Amino acid sequence: MMDVVTVGWLTVDDIVLTDGTCRQQVLGGGALYSAVGAQVFADRVGIHSVCGAPYHARALEEIGRRGLDPSGIARIDGNGLELWLLHESDVHKQQLPKLSSSTADEMDAARGPIGERYRSARGFHIAPQSPAGTLANVRDVAGLPHRPVVTMDILSDVFIDASLYADLRFLDHLTAFLPSEAEIYRIWRTSDLEGWLRANAREHDCHMVAKVGERGSIVCEARTGRLVRIPALAADVVDTTGAGDAYCGGFVAGLVAGRPLEECAAMGTVAASFVVEACGALATARPGPDERDARMRALLGATRPEPG
């Protein structure tokens with residue numbers, strides 16, 4: 001049985017860093033980065049995704065060599081999702097599909113339903129993809145008879161119609177929702193971030209997380225509305241691509257393990273801290289328990305619970 005299955009896009013990225021360095025044909029995407037994040041704490045992690053024909057064999061080999069289960073990665077005709085990742089500062093970047101790229105809708109259609117090998121997983125993370133694909137996957141896994149942990153992240157780039165997320169009833173199917181602060185402001189236009197997190201955590205019985213970049217994350221407990229602030233962790237930053245996805249992977253691994261909410265958030269932050277120290281998901285170090293747990297202890301000592 002899988003501990004965690006991540007569902008979403010695999011991409012092939014050309015990453016342009018602020019110093020002008022360009023790293024080409026780097027395997028990425030939310031499904032991969034979140035799987036790498038989950039693997040920091042979970043042993044059995046699988047990926048349900050698709051990859052373009054020119055890159056498929058390489059992706060299966062390299063992802064399998066990492067110790068992730070690649071059996072859920074199908075092959076799509078065409079190049080798959082090819083992106084330019086353009087870093088404008090240490091925290092601001094944009095991603096643009098290449099002219100040779102498959103479309104988001106083509107990626108979601110080719111991925112198909114989650115296979116039997118993965119359907120008994122203890123937890124699922126629905127990584128960024130098209131809104132229609134995201135919501136379809138949430139309905140699928142939330143309806144499984146063993147009631148797995150289900151977490152979700154979103155994408156609101158210019159090539160995505162994020163209006164489908166405006167109706168928040170999808171939160172009723174989730175264990176935790178983990179958007180960025182910028183996405184919350186852009187889609188739901190709240191003027192009170194903490195109030196928005198609390199109201200939705202209570203109404204939908206869903207843990208609510210705002211990822212706030214270099215300030216860390218704000219986590220709101222389902223039902224009670226209790227807030228916890230988790231600071232960012234000092235790291236030797238090389239590339240911030242995939243940090244938010246890795247956070248989600250560590251977080252869902254914590255929920256699957258039954259850890260307290262503060263520890264789940266710390267696990268997400270620790271996972272992200274390893275990802276930003278490399279360029280590319282598969283270049284991320286695989287820490288031993290001592291190094292991983294030392295970062296956990298440092299973070300948990302700096303958490304700030306607040307009244308609900």
Side-chain angles (χ1 to χ4, degrees), residues 1-6 26-28 30-47 61-70 90 121-125 127 149 151 153 175-176 178 207 209 211-219 221 228-305:
M1 178 191 297
M2 292 291 158
D3 296 317
V4 173
V5 169
T6 66
V26 177
L27 291 175
L32 179 57
Y33 276 104
S34 56
V36 166
Q39 191 187 36
V40 175
F41 294 96
D43 293 328
R44 298 175 297 274
V45 180
I47 300 172
E61 178 185 354
E62 294 184 6
I63 290 170
R65 192 186 311 139
R66 171 84 191 190
L68 299 166
D69 188 310
D90 289 341
R122 298 169 64 198
F124 294 87
H125 175 61
V149 168
T151 64
D153 192 8
T175 312
L178 303 98
H207 300 310
V209 179
K211 295 173 292 192
V212 293
E214 68 271 20
R215 305 195 320 276
S217 61
I218 304 171
V219 182
E221 188 173 57
V228 180
R229 297 178 187 274
I230 304 294
L233 190 62
D236 297 323
V237 177
V238 174
D239 178 9
T240 59
T241 302
D245 298 306
Y247 178 99
C248 294
F251 196 101
V252 69
L255 290 174
V256 163
R259 304 284 281 271
L261 193 61
E262 292 93 331
E263 293 188 21
C264 294
M267 290 164 74
T269 304
V270 167
S273 74
F274 287 108
V275 162
V276 301
E277 291 180 336
C279 185
L282 297 178
T284 302
R286 294 192 65 181
D290 290 345
E291 183 181 7
R292 178 195 70 191
D293 294 346
R295 295 192 188 194
M296 279 285 293
R297 286 192 296 272
L299 267 176
L300 289 171
T303 60
R304 292 195 289 134

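Numbers here simply count residues along the sequence, with the first being 1. These numbers come from a predicted model, not from an experiment. As a basis for the values below, the full set of heavy atoms in this structure was taken, side chains included, without hydrogen atoms, waters or symmetry mates.
- Taking all atoms of both residues into account, the shortest heavy-atom contact from A235 to V276 is CB-CG2, 3.9 Å.
- Of the inter-residue distances, the one linking D293 atom CG with R295 atom CZ reads 11.5 Å to the nearest 0.5 angstrom.
- In this structure, CD on Q39 lies 11.0 Å from CG on D69, to the nearest 0.5 angstrom.
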Exercise. Mind running side-chain contact (heavy atoms from CB on, under 4.5 Å) on H207 and E221 for me, showing each step along the way?
Key: CA-CA 5 Å; H207 300 310; E221 188 173 57; 4.1 Å; yes

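- The shortest heavy-atom contact between V209 and S217 is CG1-CB, 4.3 Å.
- Between L255 and A176, the shortest heavy-atom contact is CD1-CB, 4.1 Å.
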Quiz item: So L68 and V36, side-chain contact (heavy atoms from CB on, under 4.5 Å) or not? Walk me through it.
Solution: CA-CA 8 Å; L68 299 166; V36 166; 4.2 Å; yes

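- In this view, R292 and V40, F41, V270, P287, P289 satisfy the side-chain contact (heavy atoms from CB on, under 4.5 Å) rule, not counting sequence neighbours.
- The two residues A266 and L300 make their nearest non-hydrogen contact at CB-CD2, 3.8 Å.
- The salt bridge (Lys or Arg N to Asp or Glu O under 4.0 Å) search around D153 returns K211, not counting sequence neighbours.
- Y33 and T241 get closest at one heavy-atom pair: CE2-O, 3.4 Å.
- Note that the SG atom of C264 and the OH atom of Y247 stand 9.0 Å from one another [nearest 0.5 Å].
- At least one donor-acceptor pair under 3.5 Å links the side chain of D3 to the backbone N or O of R44.
- One finds the OG1 atom of T151 at 8.0 Å from the CZ atom of F251 (value rounded to the nearest 0.5 Å).
- Atom-to-atom distance recorded for L32:CG and I47:CD1 is 5.0 Å, nearest 0.5 angstrom.
- Across all their heavy atoms, T269 and I230 have their closest contact at OG1-CG2, 3.5 Å.
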Exercise. Apply side-chain hydrogen bond (donor to acceptor under 3.5 Å, both in side chains) to H125 and T6, showing your working.
Key: CA-CA 5 Å; H125 175 61; T6 66; over 6 Å; no

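- Here CE of M296 is found 10.5 Å from CD of E262. Values are rounded to the nearest 0.5 Å.
- Between E62 and R66 no salt bridge is recorded (no basic side-chain N to carboxylate O distance below 4.0 Å).
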